[in-house]
Enquirer: 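Handing you a structure now.
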Amino acid sequence: VILLDIEGTTTSIKFVHEELFPFSMRNLATFLQRHWGEDAVVEVVEGILADMAMSTPETLQSLRASEADASLLAQIVGTTLALITANSKLTPLKKLQGMIWKEGYESGQIKGHVYDEVPDTLRMWKEDGYRLFVYSSGSVEAQKLLFKHSTAGDMLELFSGHFDTRIGLKLEPRSYTEIARTIGCSP
């Protein structure tokens with residue numbers, strides 16, 4: 001088993017910070033307006049607000065409305081932009097970024113960067129019998145998008161699985177113990 005990170009391992013940190021983060025920041029407000037009231041978006045925004053101790057019954061009701069409340073939208077956008085700028089690892093934030101990036105990847109506005117040697121190295125390891133997994137603070141969905149829409153083409157079939165902060169934070173040893181248990185190997 002080989003467990004890989006993304007930033008600095010398969011992909012340039014510069015790509016994440018200079019392309020992905022700015023893309024999500026530029027498209028955040030319009031994405032939220034277009035998808036306001038949709039269950040998946042409500043869930044991640046509720047999560048962000050709860051993590052920031054900004055969740056109230058009125059806020060939650062407004063999130064489920066068919067149209068965005070301008071004041072609440074501005075508050076959510078401001079809070080979310082600050083979290084992105086701070087490179088927050090909040091799971092709902094990462095999920096929201098992944099939802100925004102999905103539109104960028106699928107429209108061709110974004111191509112996932114991978115270092116030149118990564119595709120051949122991953123293929124070699126897979127041919128040698130290694131199972132390849134990714135563990136990143138970016139959501140599983142965002143990880144899959146990056147490798148499906150990479151500059152080297154669709155690389156998803158090379159991976160046996162993906163993990164994100166839902167399994168735990170990367171600095172916590174128990175996260176790796178849980179990954180090992182999940183994939184059936186000893187830590």
Side-chain angles (χ1 to χ4, degrees), residues 3-52 63-68 72-74 76-115 118-119 122 132-167 169-170:
L3 183 63
L4 301 160
D5 193 359
I6 291 178
E7 283 186 57
T9 304
T10 63
T11 301
S12 169
I13 293 171
K14 184 177 176 180
F15 169 74
V16 175
H17 290 271
E18 294 182 10
E19 291 189 46
L20 288 181
F21 286 3
F23 184 89
S24 61
M25 293 172 85
R26 280 192 313 273
N27 291 282
L28 175 64
T30 55
F31 177 87
L32 289 173
Q33 286 174 322
R34 271 197 324 274
H35 299 284
W36 194 267
E38 293 178 13
D39 289 342
V41 173
V42 168
E43 179 185 326
V44 295
V45 172
E46 282 178 350
I48 291 169
L49 294 176
D51 284 339
M52 300 304 295
L63 289 175
R64 297 201 177 276
S66 59
E67 287 189 32
L72 179 58
L73 177 63
I76 291 167
V77 168
T79 299
T80 305
L81 290 174
L83 291 170
I84 294 170
T85 300
N87 195 16
S88 170
K89 305 299 183 190
L90 290 176
T91 299
L93 171 67
K94 294 301 179 184
K95 191 166 185 178
L96 177 59
Q97 285 177 299
M99 296 164 91
I100 296 168
W101 295 333
K102 180 178 187 211
E103 290 185 356
Y105 281 115
E106 291 180 348
S107 69
Q109 295 175 70
I110 303 173
K111 285 282 186 199
H113 171 267
V114 291
Y115 293 117
V118 166
L122 295 179
L132 307 175
F133 295 88
V134 176
Y135 178 33
S136 175
S137 58
S139 69
V140 165
E141 296 82 4
Q143 295 171 30
K144 289 180 177 180
L145 287 165
L146 187 146
F147 291 112
K148 179 175 180 58
H149 300 278
S150 85
T151 53
D154 187 346
M155 298 171 49
L156 267 184
E157 78 282 349
L158 299 172
F159 298 99
S160 298
H162 301 262
F163 299 94
D164 60 20
T165 56
R166 289 177 289 190
I167 201 119
L169 298 175
K170 292 197 299 187

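Owing to the predicted nature of the structure, the values given are computational and were not obtained by experimental measurement.
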Enquirer: Is it true that a side-chain atom of Ser150 and a backbone atom of Leu146 form a donor plus acceptor pair closer than 3.5 Å?
Expert: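 A pair under 3.5 Å: no.
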
Enquirer: Can you give me the closest heavy-atom contact between Ala152 and Val114, atom names plus distance?
Expert: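 Minimum heavy-atom contact is CB-CG2, 4.0 Å.
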
Enquirer: Apply side-chain hydrogen bond (donor to acceptor under 3.5 Å, both in side chains) to Asp51 and list each qualifying residue two or more places apart in sequence or on a separate chain.
Expert: none

Enquirer: According to the interplanar angle, ranging from 0 to 90°, do the rings of His149 and Tyr105 count as parallel (below 30°), tilted (30 to 60°) or perpendicular (above 60°)?
Expert: parallel

Enquirer: Mark yes or no for whether Thr80, through its side chain, and Val77, through its backbone, hold a donor-acceptor pair below 3.5 Å.
Expert: no

Enquirer: Is the count of non-hydrogen atoms from other residues, nucleotides or ligands lying under 6.0 Å from Lys89 atom NZ greater than 12?
Expert: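 Check passes, neighbour count above 12.
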
Enquirer: Would you say Ile76 and Ile48 make side-chain contact, with heavy atoms under 4.5 Å?
Expert: no

Enquirer: What is the minimum heavy-atom distance between Pro92 and Gly47, and which atoms define it?
Expert: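 Distance-wise, the nearest heavy atoms are CG-C, 3.5 Å.
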
Enquirer: side-chain contact (heavy atoms from CB on, under 4.5 Å) between Phe15 and Thr151: does it pass, once the steps are laid out?
Expert: CA-CA 12 Å; Phe15 169 74; Thr151 53; over 6 Å; no

Enquirer: Do other residues, nucleotides or ligands put more than 12 heavy atoms under 6.0 Å from the CG atom of Asp39?
Expert: no

Enquirer: What's the spacing between Leu145 CG and Leu156 CG if we round to 0.5 Å?
Expert: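 Reported value, rounded in 0.5 Å steps: 8.5 Å.
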
Enquirer: Tell me the closest heavy-atom pair linking Asp5 and Thr9, and the distance in Å.
Expert: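 In this case the closest contact between Asp5 and Thr9 is O-CB, 3.3 Å.
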
Enquirer: Does Thr10 reach the side chain of Gln143, with side-chain heavy atoms less than 4.5 Å apart?
Expert: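 No, side chains not in contact.
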
Enquirer: Glu18: which residues meet the side chain to side chain contact (heavy atoms under 4.5 Å, CB included) condition with it, sequence neighbours left out?
Expert: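 Checked Glu18 against side chain to side chain contact (heavy atoms under 4.5 Å, CB included); matches are Lys14.
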
Enquirer: I need the Leu93 CG to Leu96 CG distance, nearest 0.5 Å.
Expert: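 Interatomic distance, Leu93 CG to Leu96 CG, rounded to 0.5 Å: 6.5 Å.
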
Enquirer: For the pair Tyr135 (side chain) and Leu3 (backbone), establish whether a donor and an acceptor sit closer than 3.5 Å, ignoring hydrogens and angles.
Expert: no

Enquirer: Compare every heavy atom of Ile84 with every heavy atom of Ser24, then report the nearest pair and how far apart it is.
Expert: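 Smallest heavy-atom distance, with atoms named: OG-CD1, 3.8 Å.
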
Enquirer: Report the C-alpha distance between Val134 and Phe147 in whole Å, list the side-chain angles of each, state the deciding distance to 0.1 Å, and finish with yes or no for side-chain contact (heavy atoms from CB on, under 4.5 Å).
Expert: CA-CA 11 Å; Val134 176; Phe147 291 112; 4.0 Å; yes

Enquirer: Which pairs of donor and acceptor atoms, one on a side chain in residues 97-104, lie under 3.5 Å apart (sequence neighbours left out)?
Expert:
| residue | atom | partner | partner atom | Å |
| --- | --- | --- | --- | --- |
| Gln97 | OE1 | Lys94 | NZ | 3.4 |
| Trp101 | NE1 | Leu20 | O | 2.7 |
| Glu103 | OE1 | Arg34 | NH2 | 2.3 |
| Glu103 | OE2 | Arg34 | NH2 | 3.3 |
| Glu103 | OE2 | His35 | NE2 | 2.7 |

Enquirer: Is it the case that the ring center of His113 lies less than 6.0 angstrom away from the ring center of Tyr115?
Expert: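 Centroid separation for Tyr115 and His113: below 6.0 Å.
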
Enquirer: When rounded to the nearest 0.5 angstrom, what distance separates CG in Asp164 from CG in Leu169?
Expert: 10.5 Å

Enquirer: Rounded to the nearest 0.5 Å, what separates atom NE2 in His162 from atom CG in Leu4?
Expert: 10.5 Å

Enquirer: Any side-chain heavy-atom pair from Lys95 and Glu43 closer than 4.5 angstrom?
Expert: yes

Enquirer: Taking C-beta and beyond as the side chain, do Ser160 and Leu132 meet within less than 4.5 Å on heavy atoms?
Expert: no

Enquirer: Roughly how far apart are Lys170 NZ and Ser136 OG, rounded to 0.5 Å?
Expert: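 If I round to the nearest 0.5 Å, the distance is 5.0 Å.
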
Enquirer: For a 4.5 angstrom cut-off between non-hydrogen side-chain atoms, does Ile110 reach Glu19?
Expert: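 A side-chain contact under 4.5 Å is absent here.
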
